[in-house]
Amino acid sequence: MLYRCAMAYDPLEVEPRWQKYWEEHDTFRVTRRPGRPKLYVLDMFPYPSGAGLHVGHPEGYTATDIVARFKRMNGFDVLHPMGWDAFGLPAEQHAINTGTHPAATTHANIQIFRRQLKRLGFFYDWSREVNTTDPGYFKWTQWIFLKLFERGLAFQAEIPVNWCPELGTVLANEEVIDGKSERGGFPVVRQPLRQWQLRITAYADRLADELESLDWPETKQKQREWIGKSEGAEVDFPLVGHPGHLTVYTTRPDTLFGATYMVIAPDHRLTLEITSPGHRAEVETYVRAAARKSDMERTALNKEKTGVPIGARAVNPLTGKEIPIFTADYVLGAYGTGAIMAVPAHDERDFEFAQKFALPIVEVVSADGALHEGLDAAYVDEGIAVRSGQFDGLRTAEMKAQVTAHLEQQGIGRRKVNYKLRDWVFSRQRYWGEPIPIYFPVKTDGDPRSGAAYTIDYGSPIAVSEAELPLALPELDDYKPGDPSGPLAKALDWRFFQKDGKWFARETNTMPQWAGSCWYYLRFLDPHNDAEIFSQKSYDDWMPVDLYMGGSEHAVLHLLYARFWHKVLFDIGVVKHPEPFSKLVHQGMILGEPQMTAYRDGSGAYVSADLAKAGDDDQVVNKETGVALEPVKLDESAVEKRAGHFVLKEQPAVKVQSIAFKMSKSRGNVVNPDDVVRDAGADSLRVYEMFMGPLEQVKPWQTAGIQGVRRFLDRVHTLSTRELSAEMDAETAKLVHRTVKKVGEDIEALRFNTAISAMMILVNRLNGLERTPREALEKLVLCLSPFAPHLAEEVWAGLGHAPTILDAPWPAFDPHLCVDEQLELAVQVNGKVRGRALLAKDASEDAARAAALADENVRRHTEGKVIRKVVYVPGRVLNLIVG
RNA sequence: GCCGAAGUGGCGGAAUUGGCAGACGCGGCGGAUUCAAAAUCCGCUUCUCGCAAGGGAGUGUGGGUUCAAGUCCCUCCUUCGGCACCA
């Protein structure tokens with residue numbers, strides 16, 4: 001569909017012309033000018049996928065582009081860079097399938113992305129473009145890894161990891177969703193493997209606490225929950241008939257008197273050791289079964305608690321009573337100490353387990369201080385201690401403090417802070433990633449490259465010297481994964497080398513995709529510096545990032561990892577701010593065009609949409625019967641609205657849903673920005689995406705909506721082709737100044753939709769005038785230029801100004817013209833608007849009352865009644881209370 | 001289950017500190033222009049009663065505070081996002 005018309009300007013001619021101008025004149029190159037304020041506006045850089053740009057990309061990019069252009073016109077030096085997060089699985093997968101080197105695929109995709117972005121007129125300083133796969137870039141990624149290694153923050157461990165056989169790689173916990181890989185949705189199993197890990201837990205406290213000062217949205221809360229700090233105590237329970245003790249972690253030391261049994265995780269190192277011979281067979285079976293369970297099975301089966309007694313007993317250190325020990329997979333080996341004291345009276349899980357195994361339930365916290373028998377549910381709230389010996393009568397908070405102090409005194413417990421956050425598994429068994437710059441001593445009798453037997457001493461990792469960086473990837477014939485040591489193990493000439501007559505082997509794991517994106521905002525400061533990661537001057541020029549825009553899918557992973565690296569760099573004096581991103585904004589996802597959707601069951605009969613419920617795997621099921629339903633796309637004409645619901649015209653009992661789905665290839669509702677640019681122009685795409693609604697909100701795409709902004713831009717152009725006038729009437733002048741004020745304020749607050757609406761109102765007014773007031777058009781075009789830069793340049797030049805409009809100052813407004821001296825006051829009688837009165841804005845109450853009663857309709861509602869009260873808010877409302 | 005965000009016309013959405021609900025755009029209807037159409041321009045467009053003037057209802061539900069509630073408080077429902085045996 002083409003939106004062009006005979007009178008309209010032709011974006012396909014205008015836009016490339018200005019793009020060429022900007023390129024030839026280096027318009028977007030940024031320099032730091034002394035005495036100017038600075039602004040660093042950053043977009044989350046994309047992974048250059050083979051699919052090209054998606055309409056979701058330009059949403060955030062346009063938003064930051066508007067801010068960047070606006071601030072530049074306001075005298076700021078603005079850093080607004082773009083680059084490529086180009087390591088990653090798809091290019092490698094492509095290499096496995098076709099033999100094409102991932103670097104070639106990546107390079108080709110970047111060409112496409114860059115061309116697409118340039119077609120949208122973004123004000124990026126392309127001279128600062130970075131690419132994480134460029135050796136000049138990953139040299140510094142490796143350099144940061146060495147800093148982590150030197151400080152003991154990068155270490156190896158043999159740990160059960162999320163091994164994805166299909167992808168042939170290990171995934172971070174964050175990359176596993178419902179037991180499947182985030183990318184591709186392949187099954188994931190737990191398996192022990194030697195891995196590099198980063199000790200992010202050492203920074204847990206600072207990562208949680210230092211969120212405080214940041215201007216971030218709900219993301220802060222998500223990160224806090226992810227870090228999962230909790231305060232409690234560790235308590236030692238002596239084992240019966242066994243030396244030593246079993247240590248538990250609890251956040252409720254106040255309930256210790258109610259601990260009637262213990263549970264140890266199946267993967268706890270003591271589980272089999274303390275199991276009595278009589279229970280060994282049963283426990284071993286349970287432990288093996290638990291180890292095999294993937295996370296998916298565990299969540300699927302979490303309805304019923306399972307577990308077995310291990311035949312060992314421990315002593316409750318406060319009651320002195322012997323209590324049994326169980327193993328159960330509802331206790332996780334990796335959290336806390338891997339063992340718990342079970343207090344069934346005050347913990348839902350323990351209560352459920354105790355009921356199933358007929359274990360004693362002893363109330364030790366009472367809401368009212370009285371004793372209760374036969375609890376029918378766990379009481380998890382705070383209260384007053386009972387059945388707790390010398391501690392009886394204490395409130396929960398005080399009880400916690402006193403019990404902990406008592407335990408510390410006795411040397412059988414201690415205060416303890418715990419985190420859900422785990423250390424970050426940092427190795428991937430992949431080719432297309434940064435090589436980890438570490439090597440190991442090798443024992444061999446010959447040349448391991450030609451098949452001599454060898455043993456690698458993984459216990460003695462050696463850092464590659466900084467002078468040898470970047471450590472580049474070797475060429476490979478075959479990128480196939482499968483071997484847990486990764487495809488690089490096949491590059492024998494690269495892997496093994498001799499130094500001083502001794503053999504060494506390089507690490508064959510590579511870094512995860514997060515590595516390059518952890519610090520790219522720093523490389524933009526000084527992207528061509530070979531000697532340093534960046535110069536001090538460039539840091540002082542631009543840091544910190546003033547506005548960071550990107551999808552909320554990165555709320556935890558990328559943003560937590562990047563903050564962690566930044567804090568490490570802060571500790572070693574590389575950066576000067578504890579936090580990298582002062583302000584963060586997530587643009588909302590753009591969904592596909594809404595579709596009228598009805599549901600049919602297996603027999604083909606329609607089922608009312610309120611019975612449809614999303615099941616697993618994108619399936620829709622009848623929520624009463626569980627039967628799978630088939631969604632059917634309907635034409636609008638088959639549907640009507642009755643009593644607040646859409647229903648089938650033919651069968652009004654059947655409700656129909658209007659749903660906007662996520663854009664996906666399989667649904668066929670993907671909108672390609674190239675098509676939109678071809679049909680309506682880049683400016684229309686930019687303005688439409690900003691006009692759709694609030695930036696942070698999820699919004700459905702509506703192709704017809706582009707029509708409206710295209711008409712708006714056409715009208716702006718038409719205004720410039722009419723006869724211009726040096727005069728301007730007072731009403732128009734007022735509107736012009738108010739528009740300038742509102743657009744500026746709205747851009748500052750990222751309310752682009754209402755800024756555009758204000759400009760539309762002004763254009764509608766100018767359109768109704770005989771001739772276009774020159775001043776009005778100039779101010780309008782300046783206001784519009786951050787949104788629709790190509791059209792703005794065109795009109796600006798047409799008005800006789802030298803390019804570029806980016807160098808023109810942001811228009812001023814006269815505040816006096818933005819307030820009304822006279823205004824219409826709403827007149828209410830008993831709270832209902834009955835009329836209006838034209839009044840000076842600071843009119844007295846008496847004057848307002850007189851004017852109100854002059855209104856015929858107001859009189860009708862007050863006649864014969866007594867005015868009991870008058871509420872007058874000057875400039876807003878006059879409310880007459882009659883009775 | 002827990003945490004967070006949000007429910008406003010046929011649709012996307014506006015609405016400063018509580019002060020005229022529905023700005024702006026889409027769609028629809030009517031008109032101008034045209035041989036005709038497209039495009040463009042103008043008008044109307046929450047529902048409802050009324051010829052009109054005007055009246056009534058109305059921001060997910062039910063209550064509350066207030067002269068006045070989309071906005072504040074409580075209850076419940078729904079949708080979306082995140083977490084999910086974290087002791």
Side-chain angles (χ1 to χ4, degrees), chain A residues 3-8 217-219 221-222 224-226 228 230 232 248-252 255 263 298-299 302-303 305 328-332 334-343 347-350 352-353 418-422 552-553 555-556 586 588-589 591 594 610 636 639-641 644 646 658-660 688 691-694 696-709 711-712 714-715 718 745 751 753-754 756-761 764 767-768 824-836 856-857 860 868-873 875-881:
Chain A
Y3 299 119
R4 264 186 292 156
C5 65
M7 295 298 292
E218 342 73 72
T219 307
Q221 194 50 34
K222 283 187 190 167
R224 277 195 203 101
E225 279 168 19
W226 192 266
S230 71
V248 303
Y249 171 72
T250 179
T251 55
R252 295 293 301 270
T255 63
V263 184
R298 285 184 68 153
T299 40
N302 75 4
K303 291 157 200 147
K305 296 261 176 298
D329 65 5
Y330 82 90
V331 172
L332 308 174
Y335 182 77
T337 62
I340 61 159
M341 63 176 203
V343 185
D347 182 284
E348 282 164 14
R349 296 153 300 179
D350 297 343
E352 194 188 322
F353 191 86
N418 230 309
Y419 301 93
K420 285 195 230 175
L421 183 70
R422 320 252 177 104
S552 60
E553 66 272 24
V556 176
H586 298 303
M589 205 194 326
L591 305 174
D610 43 11
E636 302 262 337
V639 171
E640 65 184 346
K641 193 155 189 175
F646 288 105
S658 172
I659 318 175
Y688 174 62
F691 186 60
M692 288 170 78
E696 298 185 60
Q697 191 168 302
V698 176
K699 303 166 283 278
W701 181 269
Q702 295 192 110
T703 298
I706 297 169
Q707 184 89 262
V709 301
R711 269 201 275 264
F712 161 64
D714 276 341
R715 275 179 209 161
T718 307
E745 287 168 355
R751 290 186 303 245
N753 52 332
T754 50
I756 292 165
S757 154
M759 289 187 280
M760 286 174 166
I761 292 168
N764 288 347
N767 204 35
E824 258 193 358
L825 188 77
V827 179
Q828 300 179 334
V829 178
N830 286 350
K832 289 194 186 246
V833 179
R834 298 299 182 186
R836 293 163 226 297
E856 200 183 323
N857 200 39
R860 196 166 32 236
R868 300 191 187 281
K869 187 174 174 185
V870 176
V871 179
Y872 177 51
V873 184
R876 294 233 186 261
V877 79
L878 177 75
N879 194 0
L880 305 172
I881 313 305

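Each chain gets a letter, A, B and so on, in the order the sequences are listed, and its residues count up from 1. Quick caveat, the model's predicted, so the values are computed rather than measured.
Taking side-chain N and O atoms only, A/R751 has no distance below 4.0 Å to OP1 or OP2 of B/A15. Distances shorter than 4.0 Å separate some side-chain N or O of A/K869 from OP1 or OP2 on B/C67. The phosphate of B/C26 (OP1 or OP2) has no side-chain N or O of A/K699 nearer than 4.0 angstrom. Note on A/R715: a side-chain N or O is less than 4.0 Å away from OP1 or OP2 of B/C41.
If you check every strand for non-hydrogen atoms under 4.0 Å, A/T337 touches nothing. Residue A/P694 is classed as a sugar-phosphate contact, given heavy-atom separations below 4.0 Å to backbone atoms only. Across all strands shown, A/E824 has heavy atoms under 4.0 Å from base atoms, whether or not it also approaches the sugar-phosphate. Residue A/D350 is out of contact with every strand shown, counting any heavy-atom pair closer than 4.0 Å. Here A/N857 lies in heavy-atom contact (under 4.0 Å) with sugar-phosphate atoms only. Within the 4.0 angstrom heavy-atom criterion, base atoms lie near A/Q828. At a threshold of 4.0 angstrom between heavy atoms, the contacts of A/R834 are confined to the sugar-phosphate backbone, with no base atom among them. Within 4.0 Å of A/N830, counting heavy atoms only, lies no atom of the nucleic acid at all.
Comparing A/R711 and A/R860, the nucleotide of RNA chain B nearest to each residue sits closer to the 5' end for A/R711.
The distance between the ring centers of A/W701 and A/Y688 falls below 6.0 angstrom.
Distance A/Q697 CD to B/G13 C1': 8 Å, rounded to the nearest Å.
Looking at the side chain of A/N753, the nearest of the listed nucleotides B/A14, B/A87, B/C42 is B/A14. Listed nucleotides: B/A5, B/C67, B/C83. Nearest to the side chain of A/E218: B/A5. When each of B/C41, B/G4, B/C20 is scored by its nearest atom to the side-chain atoms of A/V833, the top-ranked nucleotide is B/C20.
A donor N or O paired with an acceptor N or O is not found under 3.5 Å between the base of B/C3 and the side-chain atoms of A/K222.
Every residue two or more places apart in sequence or in another chain was checked for a ring pair (Phe, Tyr, Trp, His ring centres under 6.0 Å) with A/F712, and none qualifies.
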